[in-house]
Engineer: 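The following block contains the structure, expressed as structure tokens.
Every chain is numbered from 1, with letters handed out A, B, ... down the list of sequences.
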There are 2 protein chains.
Amino acid sequence: MSAQAILRNCGIQPTPQRIAVVNFVLNTTSHPSADDVLECVRKECPTISRATVYNTLNLLVEKRLLRTQVLREGTIVFDPNIELHHHFIDEESGKIYDISWDAVQITCGTSLRDFEIREMQVVMKGRRRKGK
Amino acid sequence: MSAQAILRNCGIQPTPQRIAVVNFVLNTTSHPSADDVLECVRKECPTISRATVYNTLNLLVEKRLLRTQVLREGTIVFDPNIELHHHFIDEESGKIYDISWDAVQITCGTSLRDFEIREMQVVMKGRRRKGK
DNA sequence: AGATTTGTCTTGACAATGTCTAAATCCATA
DNA sequence: TATGGATTTAGACATTGTCAAGACAAATCT
């Protein structure tokens, strides 16, 4: 689906700036920060301002097209994968990988009865093995 | 053990500022940020500077008396619990609770064979039930 | 077309977090 | 008491994120 259609579908007026943000951020698995998005989108749309990028990202989060994740020091990252899933952080490169929900089995014991768990995820750190 | 002894044990010269930081941060379960620490320590030691707090916390992390955790937006928090454990974040209050390692059972499937996992934790969010 | 309204975008100010440097201070030892 | 090394402080700086004011554009109304 085109970025335009996506935006229209959730009642956001498509503008060149918003389309550029959507095209980048909904088609990446790199878990970018807002400033990563700014940097990349400026290649397409050199005049876009920081405030517009922040506003658009926040709009997309509000409309559930994106989720924020607290995984990197000092900044929020954006993730277009809105299904339940886990994350793996490569400690060398800093890259964040999505791990499918089914890759891990979690069982909570009774000692958690005082906690009403509304969401959870496993955060793993280590090194991604080189593909052979 | 006294803060002095703890510091001396890892080869850090005990100073009043460092002792004040240690006394607070190694005896809390509140997962404070550096500025939380600054604020609290200033009650004891009103002239301590931000740089000293940051330096001391980083020293303690280096010496493995503390660990950093990426759990709050925009800031790192410090955790004196250096055992393996999980975290629960109360979405109302923002409070972070330690969850013992044994409270959760995790089994990783074979789809993770490309990832060399060096550490992991479950991050849960929700509401802590009121104690009755 | 011209004027108005509405929404969007940009710029710059602001606050918070964290690092760094230079200068002041402290302290142990000779 | 004097000296030298370590520690602390204050302030500068960069980064992330929010906000407000004005500029701008597009659609609507007369």
Side-chain angles (χ1 to χ4, degrees), chain A residues 3-4 6-8 10-25 30-42 44-63 66-79 94 96, chain B residues 3-4 6-8 10-25 30-42 44-63 66-79 94 96:
Chain A
Q4 257 203 28
I6 292 171
L7 286 167
R8 235 188 281 276
C10 27
I12 304 175
Q13 272 195 39
T15 66
Q17 290 89 343
R18 286 170 176 170
I19 289 170
V21 170
V22 164
N23 272 333
F24 173 65
V25 83
S30 70
H31 302 79
S33 69
D35 282 296
D36 294 335
V37 176
L38 177 60
E39 198 185 327
C40 274
V41 166
R42 278 234 164 115
E44 295 286 313
C45 187
T47 69
I48 197 173
S49 69
R50 230 156 57 89
T52 297
V53 170
Y54 275 88
N55 286 337
T56 304
L57 290 170
N58 288 338
L59 256 181
L60 297 175
V61 169
E62 225 174 81
K63 300 298 187 181
L66 268 189
R67 299 218 30 190
T68 57
Q69 296 281 352
V70 176
L71 292 169
R72 285 227 284 254
E73 299 186 4
T75 183
I76 286 175
V77 303
F78 294 88
D79 191 345
I96 299 168
Chain B
Q4 257 202 29
I6 291 171
L7 286 167
R8 235 188 281 277
C10 25
I12 304 176
Q13 272 196 41
T15 66
Q17 290 88 342
R18 286 169 175 170
I19 290 171
V21 169
V22 164
N23 273 333
F24 172 65
V25 83
S30 70
H31 302 80
S33 70
D35 282 296
D36 293 337
V37 176
L38 177 61
E39 197 185 328
C40 274
V41 167
R42 278 234 164 112
E44 295 288 314
C45 187
T47 69
I48 197 172
S49 70
R50 231 154 58 87
T52 296
V53 170
Y54 274 89
N55 287 338
T56 305
L57 290 170
N58 289 338
L59 257 180
L60 297 176
V61 169
E62 223 174 84
K63 300 298 187 182
L66 267 189
R67 298 217 33 189
T68 57
Q69 296 281 352
V70 176
L71 293 170
R72 284 225 285 252
E73 298 186 6
T75 184
I76 286 175
V77 303
F78 294 88
D79 190 346
I96 299 168

Engineer: Atom CD1 of Ile12(B) and atom C1' of dG5(D): how far apart are they, to the nearest Å?
Structural biologist: 18 Å
Engineer: Taking it one step at a time, do Ile19(A) and Asn23(A) satisfy side chain to side chain contact (heavy atoms under 4.5 Å, CB included)?
Structural biologist: CA-CA 6 Å; Ile19(A) 289 170; Asn23(A) 272 333; 3.6 Å; yes
Engineer: Within this structure, what is the CZ-to-C1' distance between Arg50(B) and dA14(D), rounded to whole angstrom?
Structural biologist: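 To the nearest whole Å, that distance equals 12 Å.
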Engineer: Please check the phosphate of dT9(D) (OP1 and OP2 only) for any side-chain N or O of Gln17(B) closer than 4.0 Å.
Structural biologist: yes
Engineer: Picking from dG17(D), dT17(C), dC9(C), which would you name as closest to the side chain of Tyr54(A)?
Structural biologist: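 Selected nucleotide (nearest to the side chain): dG17(D).
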Engineer: I want to confirm an ordering. Mapping Ser33(B) and Pro16(B) to their closest nucleotides on DNA chain C, which one lands closer to the 5' end?
Structural biologist: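 Result: Ser33(B).
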Engineer: Of all the choices, dG18(C), dT10(C), dT9(D), which nucleotide is nearest to the side chain of Thr75(B) once you look at every atom?
Structural biologist: dG18(C)
Engineer: Would the distance check show the side chain of Thr56(B) and the main-chain N or O of Thr52(B) forming a donor-acceptor pair, the cut-off being under 3.5 Å?
Structural biologist: yes
Engineer: Taking the side chain as every heavy atom from C-beta outward, state whether Val70(A) and Leu71(B) have any atom pair closer than 4.5 Å.
Structural biologist: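 Sidechains of Leu71(B) and Val70(A): no contact.
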Engineer: Between Leu59(B) (CG) and dT19(C) (C1'), how many Å, whole number?
Structural biologist: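 That distance rounds to 15 Å.
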Engineer: I want to confirm an ordering. Mapping Cys45(B) and Ile76(A) to their closest nucleotides on DNA chain D, which one lands closer to the 5' end?
Structural biologist: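 Closest to the 5' end, via its nearest nucleotide, is Cys45(B).
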Engineer: In whole angstrom, what separates Phe78(B)'s CZ from dT17(C)'s C1'?
Structural biologist: 11 Å
Engineer: Which nucleotide in the list dG17(D), dC9(C), dT9(D) gets nearest to the side chain of Ser49(B)?
Structural biologist: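 Given the options dG17(D), dC9(C), dT9(D), the side chain of Ser49(B) is closest to dT9(D).
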Engineer: Report yes if a side-chain nitrogen or oxygen of Thr15(B) is closer than 4.0 Å to either non-bridging phosphate oxygen (OP1 or OP2) of dT8(D); otherwise report no.
Structural biologist: yes
Engineer: How is Asp36(B) classified with respect to the nucleic acid when contacts are heavy atoms under 4.0 Å: base, sugar-phosphate, or nothing?
Structural biologist: nothing
Engineer: Taking the side chain of Arg18(A) as its heavy atoms from C-beta onward, which of dT8(D), dT10(C), dT8(C) lies nearest to it?
Structural biologist: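 Taking heavy atoms from C-beta onward, the closest nucleotide is dT8(C).
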Engineer: Whole angstrom is fine here: how far is it from CG in Asp35(A) over to C1' in dT18(D)?
Structural biologist: 13 Å
Engineer: Taking Gln13(B)'s backbone N and O only, do any of them form a donor-acceptor pair with Arg18(B)'s side chain (distance below 3.5 Å, no angle check)?
Structural biologist: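 Indeed, once roles are kept as given, a pair shorter than 3.5 Å links the two residues.
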Engineer: On the nucleotide dC19(D), are OP1 or OP2 found under 4.0 Å from the side-chain N or O atoms that Asn55(A) carries?
Structural biologist: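 Answer is no, no contact under 4.0 Å.
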Engineer: Identify whether the distance between the nearest side-chain nitrogen and carboxylate oxygen of Arg72(B) and Asp36(B) falls below 4.0 Å.
Structural biologist: yes
Engineer: Hey, which sits more toward the 5' end of DNA chain D by its nearest nucleotide, Ala34(A) or Thr47(B)?
Structural biologist: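 Its nucleotide being nearer the 5' end, the pick is Thr47(B).
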Engineer: Using atom CD of Glu73(B) as one end and atom P of dT16(D) as the other, report the distance to the nearest whole Å.
Structural biologist: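 Taking atom P of dT16(D) as the reference, CD of Glu73(B) is at 15 Å.
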Engineer: Scan Gln13(B) against the nucleic acid and name what it touches under 4.0 Å (heavy atoms): base, sugar-phosphate only, or nothing.
Structural biologist: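 The answer is sugar-phosphate, as Gln13(B) gets under 4.0 Å only of primed atoms, P, OP1 or OP2.
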Engineer: To the nearest Å, how far apart are Asn58(B) CG and dG18(C) C1'?
Structural biologist: 9 Å
Engineer: CZ of Arg72(A) versus P of dG18(C): gap in Å, rounded?
Structural biologist: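 After rounding, the gap between these two atoms is 16 Å.
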